[in-house]
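Sequence lines set the chain letters: A, B, ... in the order given, protein chains first and strands last, and positions in each chain run from 1.
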Protein chains: 2
Amino acid sequence: MTTHKVAANGKERTRKNDPVRVQADIMRVATREFSEKGLSGARIDEIAEKTKTSKRMIYYYFKDKETLYLKALERSYQQVRQQEGELELDHLEPIQALSKLVAFTFEHHIKNPDFIRMVMIENIHHGRFIEQSELIQSLNAGAVDELQKVYRRGLETGQFRPGLEALELHWLISALSFFNVSNRYTFSRIFNWDQNAASNQEKLASHVIDMVLRYVVKPELMAD
Amino acid sequence: MTTHKVAANGKERTRKNDPVRVQADIMRVATREFSEKGLSGARIDEIAEKTKTSKRMIYYYFKDKETLYLKALERSYQQVRQQEGELELDHLEPIQALSKLVAFTFEHHIKNPDFIRMVMIENIHHGRFIEQSELIQSLNAGAVDELQKVYRRGLETGQFRPGLEALELHWLISALSFFNVSNRYTFSRIFNWDQNAASNQEKLASHVIDMVLRYVVKPELMAD
DNA sequence: GACTGAACGTACCATTTCGTACATTATGAA
DNA sequence: TTCATAATGTACGAAATGGTACGTTCAGTC
């Protein structure tokens with residue numbers, strides 16, 4: 001008696017154990033499902049179906065639905081952070097560096113709608129899961145550093161207004177970038193305005209960049 | 001044989017028909033539940049329990065869960081619009097009028113977290129329900145008008161920069177006001193910063209107002 | 001008072017959904 | 001080879017959940 005079976009379709013079928021692949025597969029599908037439908041809206045059975053493995057494996061590796069959700073949330077944060085890479089702002093003038101930083105942040109949000117949705121969902125849950133995750137906090141701790149550096153340089157050259165805090169600046173930039181993705185549907189519908197259209201996205205991007213610059217740069221350096 | 005019964009607790013119990021009250025009761029509870037847990041997270045049985053009436057009545061008046069959700073969404077929009085009342089900006093200088101408008105919008109969002117949550121949830125659903133609602137669209141059509149008026153007046157006095165559009169300005173103000181409520185939990189957690197604290201809320205409010213003013217008002221009129 | 005349609009209560013059903021029991025196979029160590 | 005443990009497949013169970021069948025009561029009209 002050999003250890004392999006013959007499947008219904010006639011192909012030889014030998015089970016391979018590949019824990020890493022199986023877990024990655026589950027995470028991939030789970031992240032998409034949770035991001036699309038939320039914690040309560042996503043269905044374990046549906047996640048299992050879209051996986052190459054079975055529901056059994058989900059519970060084997062991830063214990064229960066909430067743990068799976070938390071892992072998916074962590075994965076989302078990890079992925080966007082990894083994508084960020086290096087901006088290389090140090091060789092730019094402070095104003096241009098800030099401009100580039102804002103432009104990048106705005107674009108980065110646009111490119112990661114699934115991540116935005118996960119964050120929205122998590123906020124609906126009052127941040128109950130992110131609270132438990134030390135991983136996520138540690139990931140994001142240094143997110144303000146680059147902005148901090150640019151701002152300090154701008155202060156030294158005398159181009160930036162003093163008295164601002166990097167964290168609060170980051171908050172402003174995040175708000176504008178986040179809202180652009182998170183509230184597309186309702187805003188477009190209410191004002192009968194296709195926010196998604198490329199031309200309008202460009203407009204918004206330049207508005208946002210301009211707005212931040214005008215807030216940080218000394219007014220006398222800004223042309224009307 | 002009379003038409004009334006005696007309940008178990010001994011009190012006389014005569015059923016009163018009060019359709020308006022019953023519907024209002026259901027709507028009140030449903031709105032809170034959906035806002036708290038989302039469409040898929042909210043439970044009809046739980047809504048029914050928290051109501052003075054029964055599950056039967058929910059289906060009697062609202063057909064099914066999705067219809068109930070849509071009605072709750074519409075109610076949310078209606079309520080916030082009603083609260084807005086009159087700002088009476090016409091007698092103010094353009095700069096002060098704009099300042100007051102932004103301050104009010106920011107505050108108004110803070111006062112209506114349930115509404116914010118409903119909008120977040122609706123965006124998670126890709127705006128599938130708001131699309132069906134002509135009521136909501138009609139409600140919000142004139143939301144930009146006041147801003148429009150102020151901006152025009154500022155142009156006339158020469159205090160505002162030309163070339164901006166009221167809708168896009170409204171978008172910027174909304175983004176900052178909305179994000180302040182919608183992303184509290186994740187932002188606070190990630191940056192270990194109590195965004196909710198009164199002192200920080202005040203800071204953010206003045207940042208937002210200042211930021212909008214610096215964007216709209218001609219730079220030479222802004223002191224450092 | 002008789003009649004009618006709207007308003008309401010109770011109990012129930014069918015399905016969905018999270019989670020698990022149980023058996024089997026793979027894989028590396030001794 | 002043997003053995004232990006990790007990995008996997010199949011089938012199923014119990015509770016939750018959206019929705020309904022069926023009957024009763026209220027309130028206005030003639």
* Apply salt bridge (Lys or Arg N to Asp or Glu O under 4.0 Å) to B:Asp114 and B:Arg32, showing your working. => CA-CA 7 Å; B:Asp114 291 352; B:Arg32 214 179 27 221; over 6 Å; no
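- A salt bridge links A:Arg81 with A:Glu84: the distance from a Lys NZ or Arg NE/NH1/NH2 to an Asp or Glu carboxylate oxygen falls below 4.0 Å.
- Between B:Phe179 and A:Phe179, the distance from one ring center to the other does not fall under 6.0 angstrom.
- For B:Glu33 and B:Lys37, the salt-bridge test passes: some basic side-chain N is under 4.0 Å from an acidic carboxylate O.
- The distance from atom OH of B:Tyr59 to atom P of D:dC22 is 18 Å, rounded to the nearest whole Å.
- When the C1' atom of C:dC8 is taken as reference, atom NZ of B:Lys52 falls 16 Å away, rounded to whole Å.
- B:Tyr60 has no side-chain polar atom (N or O) that falls below the 4.0 Å cut-off from OP1 or OP2 of C:dC8.
- Distance B:Ile47 CD1 to D:dT17 P: 12 Å, rounded to the nearest Å.
- The nearest whole Å value for the distance from the CE atom in A:Met57 to the P atom in D:dA6 is 13 Å.
- More than 12 heavy atoms of other shown residues, nucleotides or ligands fall within 6.0 angstrom of atom NZ in B:Lys65.
- The phosphate of C:dG9 (OP1 or OP2) has a side-chain N or O of B:Ser54 nearer than 4.0 angstrom.
- Residues passing the salt bridge (Lys or Arg N to Asp or Glu O under 4.0 Å) test with B:Arg28, sequence neighbours excluded: B:Asp25.
- Atom NZ of B:Lys55 is separated from atom C1' of D:dT20 by 9 Å (rounded to the nearest Å).
- Of the side-chain N and O atoms in B:Thr53, one or more sit less than 4.0 angstrom from OP1 or OP2 of C:dG9.
- Contacts between residues 19-46 of chain B and DNA chain C, defined by a heavy-atom separation under 4.0 Å, are made by B:Pro19, B:Val22.
- Of the residues in residues 61-69 of chain A, those lying under 4.0 Å from DNA chain C by heavy-atom distance are A:Asp64, A:Lys65.
- A salt bridge links B:Glu66 with B:Arg128; the closest basic N to acidic carboxylate O contact falls under 4.0 Å.
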